[in-house]
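Right, one structure below, let's go through it.
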Amino acid sequence: MAARLLQPSRCVRPDGNVLRNAMGNAKVVAQNTNRAQTLPVRMSHHLGALHLVRSDRFNRMGCRAVNTEVMFDGSETEYKEWKAHIDFKGIRDNSEAVQKNADSRKAQADVAKVVELYSQYLDIKNQSDAVREERNTSSGKMKAKLDDATRQALIEEGKSLKEKGAALDEQLVVLEKALQVEGQKIPNATHPDVPLGGEENAGLRKEVGTQRKFEFPIKDHLELGEKLKMLNFEDGSAVSGQKFYYLQNAGAMLELALVNWTMNKVVANGFTPYITPDLVRSSVLEKCGFQPRMANTQVYSVAGMDLCLAGTAEIPLGGLYMDKVIEEADLPIRMVAFGHCFRTEAGAAGSATKGLYRVHQFSKVETFIISTPEQSDALHEALISMEEELFEDLGLHFKVLDMPSHDLGAPAYRKYDVEAWMPGMGRYGEISSASNCTDYQSRRLNIRYRPAGTETDKKGKQKKKPLQFTHTLNATACAVPRMIIAILENFQQEDGSVIVPEVLRPYLGGMEKIEPPK
């Protein structure tokens, strides 16, 4: 099934004449179609200058509503301004497997509805093409020498065909919108080795180290950080609100050390370094699989502008190659970026949100790879192996989990999570993840590559091979707050000081131990 779904030649690409003839009549269709409805306007909240629109849940599944005039079946699903290059033919030909996959991931997808809409689209498209051919034939007849009656009859026939064609083209626009709405609910395919079910079914890929045994009462990172004058949540809250903070003294230096050490390690593995924009267009964020416009969204949007604060450098890195064609010889493209991350953490509560574990703003080093389909599985294994080496070098005890189907989100074909032991919190906490998104993001970002070599066409001539969609992968190399938690809690000493991991000492001026400033 997966192989079939990767063929870009099967994507629905509307005929240019269809769009030219129909876009001006879209409102008429909305008014005249019995099933068409206008959606209610969503209410939104404001946080200072930031416009925060809330959604049902954050699962990186859907996209922003831009034009909601035309709807089918009384649904309140929203229409997206941009179009994903979805393989509707592949979905139709494998409908049972596609629905089974969506169900295994708890996706709210109706594959039968997509197949029905696609069938309607093809039927109307064939009718529209037939009418266009009739118009061309009729127009050709007008070039001949005709008597007045015959000429007038052809003129009337041409008018009738023009009206019929316009009506069909308007239906195509409505159907294409409905196809995009329903088709974008379908998640990526799933790797055959991914465990099925919820988080409790996650598979253990690797475990490194063991839990440290303490001979004294354990402190959590918040108590340690405040006594060491590294963390200042009180003033952060007064200046910016809850879940904001200042890193100061050794806290500020530790962030810089972690970022510089990580960037150096990753760049040495062949990655090109970037520092990315903090603001991105909402459409770019949507094409990467995030939801900026729904209730309980994790995304901050800027009021009055089509811009959002990025929740990860994955978004601007993916956008860097949007609508571009890459030569196969240039793949894979490996990128690593230092960026700031902004998240609303809507709905988060409980002890898991304490201190640095869940905050609204933090720094992160993120890797992003663009590859051919044949390269992506091996690159995914290389990514997680690189992460394992990073965290092992820091001396952390951690587990690497093969995440089950319910926890993949829409874009990921397969995802590994890394959870480090955090003794002060008394549990393992996620510090990283690595995902292979295959062509899910590239079909939305329109990132394609030209395969090397040529092929023979039907006439026996050599021609370039058709463009294919790339695969994309991403992995977190260093989420700074979670790394600070793991370091403070695992390497704390009885006197309240913290031993600095050896690999970070050159980036801290040789500092071996963090102690309260004198």
Side-chain angles (χ1 to χ4, degrees), residues 221 224-225 228-232 236 244-280 309-318 320 334-343 355-369 383-384 386-396 398 418 420 422 429-434 474-491 498-514:
H221 73 280
L224 287 163
L228 291 169
K229 304 297 182 184
M230 296 174 63
L231 307 178
N232 185 346
F244 287 95
Y245 57 97
Y246 286 90
L247 290 178
Q248 59 192 36
N249 300 312
M253 298 306 295
L254 183 55
E255 167 162 323
L256 296 175
L258 282 165
V259 169
N260 279 286
W261 173 73
T262 304
M263 289 291 284
N264 283 335
K265 290 280 287 185
V266 176
V267 169
N269 277 275
F271 287 73
T272 301
Y274 288 87
I275 295 178
T276 55
D278 290 337
L279 288 166
V280 295
L309 286 169
T312 168
E314 169 193 342
I315 299 164
L317 287 178
L320 190 61
R334 298 175 175 91
M335 298 173 279
V336 58
F338 167 71
H340 300 110
C341 307
F342 302 87
R343 302 182 184 182
L356 288 172
Y357 197 80
R358 291 198 184 278
V359 289
H360 292 312
Q361 177 183 342
F362 61 95
S363 300
K364 181 157 70 84
V365 177
E366 182 78 5
T367 59
F368 193 85
I369 297 178
L383 269 179
I384 191 62
M386 183 178 68
E387 289 188 4
E388 292 167 356
E389 181 181 331
L390 288 169
F391 305 137
E392 195 166 358
D393 285 351
L394 287 169
L396 300 178
F398 61 90
V418 181
M422 299 176 177
E430 181 183 339
I431 58 171
S432 180
S433 66
N474 64 83
T476 299
C478 178
V480 171
R482 302 280 176 92
M483 298 307 295
I484 291 178
I485 292 173
I487 289 170
L488 293 184
E489 295 190 358
N490 280 287
F491 306 133
V498 174
I499 299 297
V500 175
E502 188 172 346
V503 294
L504 297 180
R505 293 173 188 175
Y507 299 87
L508 287 166
M511 183 190 299
E512 297 181 1
K513 183 187 292 186
I514 300 173

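Fair warning: this is a prediction, and the values are worked out from it, not measured in the lab. Atom set for the values below is all heavy atoms of this structure, side chains included, hydrogens, waters and symmetry mates excluded.
Taking CG of Asn474 as the start and CG of Leu383 as the end, the distance is 8.5 Å to the nearest 0.5 Å. Annotation: the span from Ile499 atom CD1 to Glu512 atom CD amounts to 8.0 Å, rounded to 0.5 Å. Distance OG1/Thr276 to NZ/Lys364: 9.5 Å, rounded to 0.5 Å. Remark: Trp261 CH2 to Asp393 CG distance equals 5.0 Å, nearest 0.5 Å. A distance of 11.0 Å separates CG in Leu228 from NZ in Lys513, rounded to the nearest 0.5 Å.
The neighbour count for Leu279 CG, taken as heavy atoms of other residues, nucleotides or ligands under 6.0 Å away, is above 12.
When all heavy atoms of Ala477 and Leu390 are compared, the pair lying nearest together is O-CD1, 3.9 Å. The shortest heavy-atom contact between Met511 and Val500 is O-CB, 3.7 Å. Minimum interatomic distance between Met483 and Cys478 (heavy atoms only, all atoms of both residues): CG-SG, 3.7 Å. The heavy-atom pair separating Ala337 from Met263 by the smallest distance is C-SD, 4.4 Å. Across every non-hydrogen atom of Phe271 and Val266, the tightest pair is CD1-O, 3.4 Å. In this structure, Lys265 and Glu389 approach most closely via the heavy-atom pair NZ-OE2, 3.4 Å.
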Could you walk me through whether Thr312 and Arg343 pass side chain to side chain contact (heavy atoms under 4.5 Å, CB included), step by step?
CA-CA 9 Å; Thr312 168; Arg343 302 182 184 182; 4.0 Å; yes
Should Thr367 and Leu317 be marked as a side chain to side chain contact (heavy atoms under 4.5 Å, CB included) after you check the CA-CA gap, both sets of side-chain angles, and the distance that decides it?
CA-CA 9 Å; Thr367 59; Leu317 287 178; over 6 Å; no
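Aromatic pair Phe338/His340: ring centres closer than 6.0 Å.
For Arg482 (side chain) and Gly429 (main-chain N/O), no donor-acceptor pair under 3.5 Å exists by modelled atom type. Here the side chain of Asn249 pairs a donor or acceptor atom with the backbone of Lys229 at under 3.5 angstrom. Looking only at distances, a side-chain donor or acceptor of Glu387 sits under 3.5 Å from a matching main-chain atom of Thr476.
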Please list every donor-acceptor pair under 3.5 Å in which a side-chain atom of residues 250-260 meets a protein atom from a residue at least two apart or in another chain.
unit_1 : atom_1 : unit_2 : atom_2 : d
Glu255 : OE2    : Ser363 : OG     : 2.7
Asn260 : ND2    : Leu256 : O      : 2.8

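Taking 4.5 Å as the limit, every side-chain heavy atom of Ile514 sits out of range of all side-chain heavy atoms of Leu508. Side chains of His221 and Leu231 form a contact here, defined as non-hydrogen atoms less than 4.5 Å apart. Side chains of Ile431 and Met422 form a contact here, defined as non-hydrogen atoms less than 4.5 Å apart. The shortest side-chain heavy-atom distance between Phe368 and Glu366 does not fall under the 4.5 Å cut-off. In this structure the side chain of Phe491 reaches within 4.5 angstrom of the side chain of Val498, judged on heavy atoms. Residues Ile487 and Leu504 meet the side-chain proximity criterion, which asks for heavy atoms closer than 4.5 Å. A heavy-atom distance below 4.5 Å is found between the side chains of Tyr357 and Glu430.
Between Phe398 and Phe391, the ring planes are perpendicular. Angles over 60° get that label, and only those under 30° would be called parallel.
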